[in-house]
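Below is one structure, written out as structure tokens; comments come after it.
The sequence lines fix the lettering, A, B, ..., with proteins before strands; numbering per chain opens at 1.
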Amino acid sequence: MKELIVHNTPKSPISEAYRGIRTNLLFANVDHNVKTILVSSATSGEGKTTTLCNVAMTLADSNKSVIIVDCDLRKPRIHKFLEISNAQGVTDVLLNGDHYSNFLHKGIHPHLHVLTSGKIPGNPSEILNSEAMKSLIKTLAADYDYVLIDSPPIVPVTDTVIMSTYIDRVLLVCSSGNVDVEMAKKAKETLEKVGAKILGVVLNKMKMNNKSYQYYYYYASQKGE
Amino acid sequence: MIDSHVHILPGVDDGARDEEQSVYMLEKAKADGITHWIVTPHYNHACSPHTYDELKSRFIKWAAIYGNSHAKDNLLFGVEVYVDEPFIKFLKHMDKLPTFENSNYMLIEFSRAWKVEQMLEAIHELKIRGVHPVIAHVEVYPDLLEKPENVKQLADEGCMIQVSASSFLDRHYYKFLRALIQLNAVDIVASDGHDVKNRPPILSDSYRAVTKHFSKNWANRLFVDAPRKLFYGEVYVRPHMVVTVTKRQIYTMGSSVIAGLALLFIGLGQLGFLPGGSNSDALNIAVLESTEAISDATDGGFDLTDESIAAGAKEEETTEQVTVSTQAPASTGLPISATTSVPSKLTYDEIVTIHITMLELLQSDYEANVARIYEDIQNARTFISDEAKRKAAIDGYIEEAGALEAQCDIEVYDVLYKFQNALEEFDYPVDIIEESRAEYHSIKEATKQKYLNEF
């Protein structure tokens with residue numbers, strides 16, 4: 001779990017940034033009506049999984065019960081990131097009608113459960129648009145405080161757009177200097193077209209060489225003594 | 001030598017039929033110079049219904065009889081696991097995984113139809129349970145055979161890559177195996193012996209073949225060093241490929257790629273005037289010669305690698321660095337600080353090797369394409385009797401060849417561009433790019449002229 005920064009180096013400025021995301025998330029949700037959050041990005045490699053896992057950890061740290069669900073049925077990565085088994089998961093729940101609790105991973109954090117993708121199916125879009133999927137999300141939303149869902153990138157495939165229609169909010173991860181602005185705009189438009197609500201945007205891979213950011217390091221190093 | 005994959009345990013799978021044959025195989029292997037065996041019957045395979053414990057107790061009985069008279073304490077028990085979906089799902093219920101008896105190495109095989117993605121998923125499941133997978137006979141999987149880069153992916157995931165000894169004697173696999181060696185994506189060779197005739201349990205012929213086609217040090221690495229680690233359950237770390245290529249060698253390597261292409265054009269240009277049958281042979285020989293030239297050129301580099309392995313893991317690093325820093329200023333003008341201060345980043349030589357390999361993979365694509373076009377032209381000449389039709393057909397093929405050339409430009413330039421970016425990223429000198437490009441241009445121009453003259 002080398003990239004689970006919040007877990008490995010809880011006092012680093014990056015962890016602090018993730019906690020900032022958590023705070024914003026909690027403030028945006030004073031009415032407790034946002035339960036299911038989809039984490040996605042315009043293109044691949046922008047840091048969806050990293051952001052999702054780290055934010056999930058910070059939420060779990062604040063005593064919320066959290067579940068991570070890997071709905072990237074094209075290139076699932078949660079199990080690699082967390083170094084857990086992916087022999088069974090979401091697709092087994094959807095295709096065989098098993099209860100999701102049979103496939104949970106619980107060892108990472110007391111308040112954090114993980115449901116990996118399971119075997120990759122041939123028709124991800126249809127599966128994600130199925131009634132079974134919708135009812136799974138509903139059940140999870142009832143059982144947990146937060147359901148964080150990993151998904152494929154928005155521009156190349158429709159999976160995320162399909163899911164966003166029955167999910168409360170979308171968190172958009174944009175990699176700084178990596179993704180084309182037009183691409184990010186297109187992702188946003190695609191989501192808005194189907195009526196999805198964007199919770200916010202996480203600017204990722206920000207280069208911290210600007211003077212104005214030095215403060216964070218200074219502060220962290222003071223505090224980290 | 002140590003044979004790390006052999007089906008010699010009698011009467012349990014499609015290997016040795018009975019004790020007689022098993023003894024015969026042992027004798028033959030012994031005569032071949034093999035002293036140690038990891039006995040690996042099939043497990044979870046259609047031809048072997050036995051459980052791990054059954055196989056093991058049979059092994060103990062068998063080893064008690066034959067182990068003493070043939071090879072004292074030289075037999076180790078393992079199984080060759082057929083990894084499929086049910087096995088992966090069953091993993092979480094298993095108390096003891098079917099690894100080698102003294103270590104966490106597990107010899108695995110898959111369905112021949114599996115794609116690399118499925119293999120990677122299966123390997124993930126094994127790795128999180130502490131298994132160190134050894135993938136048997138990678139050359140039998142079409143998805144790997146067609147794309148050596150896929151084997152590189154598996155190797156990078158932390159698997160040991162095993163190739164069957166007999167494949168080094170088969171010309172069909174030559175290109176694939178050469179690509180693996182250049183990508184540093186092969187670790188171990190074993191016999192996969194099943195019987196005395198078709199798949200014999202011997203290694204020495206292949207050892208000689210590797211020595212001849214690649215280098216003695218690669219042969220030692222594949223046939224001696226890695227199997228020893230496996231047998232004694234020691235930790236295996238894939239040696240870095242410190243190809244200390246001198247400027248002259250880089251130049252020969254780079255230009256031999258292009259020269260190979262040119263050779264092909266020339267060779268094929270002559271095809272029009274030769275009868276059909278002998279053409280392809282002449283061509284193959286020419287290509288084989290040029291590839292051997294490449295491997296000869298790299299031998300010096302591999303030597304150094306292997307010396308440093310022999311010097312032991314701890315000394316290896318210092319040897320490497322000395323190698324780089326003494327060789328570099330004299331030959332490539334490489335800044336010493338760049339290689340020694342940050343060991344984790346790619347070295348100049350690694351970047352060069354990777355990109356040269358890419359160029360070579362491109363080359364092999366073109367070889368196939370150009371060969372096809374010329375075969376078509378040859379066929380048109382032979383089989384189309386109507387002159388107008390024949391001319392039209394041949395014109396079509398020539399056009400296709402032109403398109404191929406344009407495509408070649410694009411792809412070679414793309415690789416050169418990435419090559420340059422990679423070098424610039426670490427502030428290495430980029431002269432090699434300019435040289436390669438100039439070389440590519442001049443040869444292409446000469447080839448084009450020759451090619452037109454032929455027609």
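The 12-atom threshold is exceeded at OH of B/Tyr413, counting heavy atoms of other residues, nucleotides or ligands nearer than 6.0 Å.
Using a 4.5 Å cut-off on side-chain heavy atoms (C-beta onward), B/Ile88 and A/Lys119 make no contact.
Of the atoms belonging to B/Gln118, not a single heavy atom falls under 4.5 Å from chain A. A/Lys80 touches chain B through backbone and side chain together, each having a heavy atom under 4.5 Å away. Using a 4.5 Å cut-off between heavy atoms, B/Glu85 contacts chain A through its side chain alone, with no backbone atom that close. With a 4.5 Å cut-off on non-hydrogen atoms, B/Lys92 touches chain A through its side chain but not through its backbone.
Between chain A and the options B/Glu121, B/Glu117, B/Lys127, the largest number of non-hydrogen pairs under 4.5 Å is found for B/Glu121.
For the residue pair B/Glu125 and A/Ala87, the shortest heavy atom distance occurs at OE2-N, 3.3 Å. Of all the heavy atoms in A/Ile84 and B/Ile128, the pair that sits closest is C-CD1, 3.2 Å.
From A/Asp92, atom CG reaches atom NZ of B/Lys89 across 5.0 Å, with rounding to the nearest 0.5 Å.
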